[in-house]
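Structure, as structure tokens:
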Protein chains: 2
Amino acid sequence: MGAVMVSQQGAEAGIATEETEVSYGLLPKVLGYHLRRTQVAIFKHFAHSVAAAEDITPGLFGMLQVIAANPGLGQSRLAEAMEVDRSSIVKVVNQLTERGLIVRVPSLSDRRSYCLRLTPEGRMALRRMEQAILRHEEEFTKALSAEEKTTLVALLKRLYDQNP
Amino acid sequence: MGAVMVSQQGAEAGIATEETEVSYGLLPKVLGYHLRRTQVAIFKHFAHSVAAAEDITPGLFGMLQVIAANPGLGQSRLAEAMEVDRSSIVKVVNQLTERGLIVRVPSLSDRRSYCLRLTPEGRMALRRMEQAILRHEEEFTKALSAEEKTTLVALLKRLYDQNP
DNA sequence: CAGGATTGTTTACCGGGTAAACAATCATGT
DNA sequence: ACATGATTGTTTACCCGGTAAACAATCCTG
């Protein structure tokens, strides 16, 4: 058993082409590798649980969340809060307004800028999304104890806080 | 101090538009949020330290790593090891061959498929990249003790192992 | 006022990923 | 022996999220 050769003379053009597991080299020693895999996994889980029901993405939810927490926020402020280019915000705000979740209120004190706010439907939708997302995370992290979750978050936070 | 209003009548079209910090709502309670921020941070750090010197991306390095660890691997096998579509592999393998790091050796036992292997230059380049990446990770995680790094990796691994 | 900064927007672009089709080749059942 | 079906690499067209550069309108400040 193990290392079952697939070609006749056992050497394809060298060594590999087995039926056995593929090796990942030093990848398992690389933190970035585990971060990426975790993020891919949580994204898929999100798509299967949250997105199927609420038609939202992690990014859009984030935007909604900070708009909700900062009523009247301007797009440039939102952009820097999200650490993204101003031009990226435009599409997002368009999507969200087209779906009736937020609204662009012209600023009274600055005729260049808009104040973003949730619509009543936006508030309702956001509440539903929050429930769905909390359930999704609960499910995704069900292998971890409460303490483990908090230490995980704490470790991550220390990493990105110390690397601005 | 604090909550310095920027507009004359203190109410833009509601409440916000302060000079104060923007709130992130429940985002800090969401694991996915911290994961994403960490990954953005490590990616930037990678770009500034590794990519500047070696002209590589995390994705390309991963490919090189598993090709090196599985000499003679076929593209389809590589695709499933990387959990990515076969068609995505083509561009990557093209880039890597154009740069002289790997080579497509026609399989002897299956005229449809190629066996991927590193060139001598590929091996040298990979060794340099490994050094650069290990330094980069060392630097990025310098705020964590050795134990904390291993528990972090262990927690992440448990998450994506339990969520296939 | 003039000059410079800021705001939202458009356009063009890039990177990485998918989905669908395709020709060449293999594998298998009858 | 041969038809059928699966597999391999590839191309093409697409989508998504993001950047960079330019732009008109507006603000701010000397």
Side-chain angles (χ1 to χ4, degrees), chain A residues 6-8 12-13 17 19 32 36-37 39-41 43-44 46-47 51 55-63 67 72-98 102-116, chain B residues 6-8 12-13 17 19 32 36-37 39-41 43-44 46-47 51 55-63 67 72-98 102-116:
Chain A
V6 109
S7 57
Q8 301 82 340
E12 182 50 76
T17 319
E19 198 60 55
R36 175 185 151 276
R37 288 201 56 172
Q39 202 218 351
V40 168
F43 190 84
K44 285 183 183 167
F46 186 101
D55 185 30
I56 198 77
T57 71
L60 286 186
F61 175 74
M63 299 285 178
I67 294 173
L73 198 67
Q75 298 185 193
S76 290
R77 313 287 300 276
L78 177 58
E80 59 194 51
M82 286 287 147
E83 302 193 60
V84 85
D85 198 88
R86 276 177 6 255
S87 56
S88 308
I89 294 293
V90 180
K91 319 179 193 178
V92 174
V93 171
N94 283 344
Q95 294 179 232
L96 261 22
T97 53
E98 285 162 13
I102 68 173
V103 73
R104 272 189 254 238
V105 182
S107 166
L108 302 177
S109 58
D110 187 342
R111 280 181 298 175
R112 293 171 300 178
S113 70
Y114 296 109
C115 298
L116 303 176
Chain B
V6 108
S7 58
Q8 300 82 339
E12 182 52 76
T17 318
E19 198 61 54
R36 175 185 151 277
R37 288 200 57 171
Q39 201 219 352
V40 168
F43 191 84
K44 286 182 183 167
F46 186 102
D55 185 29
I56 198 75
T57 70
L60 286 186
F61 174 74
M63 299 286 180
I67 294 173
L73 198 67
Q75 299 184 193
S76 290
R77 313 286 300 276
L78 178 57
E80 59 195 51
M82 287 287 146
E83 303 193 62
V84 84
D85 197 87
R86 271 174 15 251
S87 56
S88 308
I89 295 291
V90 180
K91 319 179 192 178
V92 174
V93 171
N94 284 344
Q95 294 179 231
L96 260 24
T97 54
E98 285 162 12
I102 69 173
V103 72
R104 273 188 254 239
V105 181
S107 167
L108 302 177
S109 60
D110 187 341
R111 282 181 298 177
R112 293 171 299 179
S113 70
Y114 296 109
C115 298
L116 303 176

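The chains referred to below are lettered A, B, ... by the order of the sequence lines, with proteins before strands, and numbering in each begins at 1. Heavy-atom basis, side chains included; hydrogens, waters and symmetry copies ignored.
For the OP1/OP2 pair of D/dT10 and a distance below 4.0 Å, the side-chain nitrogens and oxygens of B/Arg104 include at least one atom meeting the criterion. Residue B/Gln75 places no side-chain N or O under 4.0 Å from the OP1 or OP2 atom of D/dT7. Phosphate contact (OP1/OP2 of C/dG15, side-chain N/O of B/Gln95, threshold under 4.0 Å): absent. Between B/Ser87 and C/dA19 there is no side-chain polar atom (N or O) within less than 4.0 angstrom of OP1 or OP2. For the pair B/Ser76 and D/dT7, the criterion of a side-chain N or O lying under 4.0 Å from OP1 or OP2 is not met. One finds no side-chain N or O of B/Ser88 lying less than 4.0 angstrom from the OP1 or OP2 phosphate oxygen of C/dG16.
Evaluation of atom-type donor-acceptor distances gives a pair under 3.5 Å for the side chain of B/Arg112 against the base of D/dT7.
Pairing for D/dG5 is with C/dC26, a Watson-Crick or G-U wobble pair whose two hydrogen-bonding atom distances lie under 3.5 Å. Here C/dG15 sits opposite no nucleotide as a Watson-Crick or G-U wobble pair (both hydrogen-bonding atom distances under 3.5 Å).
Residues A/Thr97 and A/Asn94 share a closest heavy-atom pair of OG1-O, 2.7 Å. Closest approach of A/Ala79 and A/Ile89 over heavy atoms only: CB-CG1, 3.5 Å. What you find for B/Arg36 and A/Met82 is that their closest heavy atoms are NH2-O, 3.8 Å.
Each of C/dC26, D/dT11, D/dG18 was ranked by its minimum atom distance to the side chain of B/Val90; first place goes to D/dT11. Closest approach to the A/Thr57 side chain among C/dC26, C/dT18, D/dG17 is made by D/dG17 (side chain taken as heavy atoms from C-beta onward). Distances were taken from every side-chain heavy atom of B/Val84 (C-beta onward) to each of D/dA20, C/dT18, C/dG8; the shortest belongs to C/dT18. The listed nucleotides are C/dG17, C/dC26, D/dG9; the one nearest the side chain of B/Arg111 is C/dC26.
Taking atom CD1 of residue A/Ile56 and atom P of nucleotide D/dG17, one finds them 11 Å apart after rounding to whole Å. In this entry the distance linking CE of A/Met63 with C1' of D/dG17 reads 10 Å, nearest Å. At whole-Å resolution of the value, CD1 in B/Ile89 and C1' in D/dT7 are 16 Å apart. For B/Asp85 and D/dT8, the CG to C1' distance is 13 Å, given to the nearest whole Å. Atom CG in A/Leu78 sits about 12 Å away from atom P in D/dG18, given to the nearest Å. The separation between B/Lys91 atom NZ and C/dG17 atom C1' is 7 Å, rounded to whole Å. If you take CZ of A/Phe46 and C1' of D/dC16, they are 15 Å apart, rounded to a whole angstrom. In this entry the distance linking CZ of A/Arg77 with P of C/dG8 reads 10 Å, nearest Å.
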> When you look at A/Glu83 and B/Val40, which way does the side-chain contact (heavy atoms from CB on, under 4.5 Å) test go after all the steps?
Replying inline: CA-CA 10 Å; A/Glu83 302 193 60; B/Val40 168; 5.7 Å; no
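Map B/Glu83 and A/Asn94 each onto its nearest nucleotide of DNA chain C; the residue landing nearer the 5' end is A/Asn94. A residue-by-residue look at A/Arg36 and A/Arg86 shows that A/Arg86 has its nearest nucleotide of DNA chain C further toward the 5' end.
Residues B/Thr57 and B/Met63 form no side-chain contact, since every pair of their non-hydrogen atoms from C-beta on lies 4.5 Å or further apart.
Within 6.0 Å of CZ in A/Phe46 there are more than 12 heavy atoms belonging to other residues, nucleotides or ligands.
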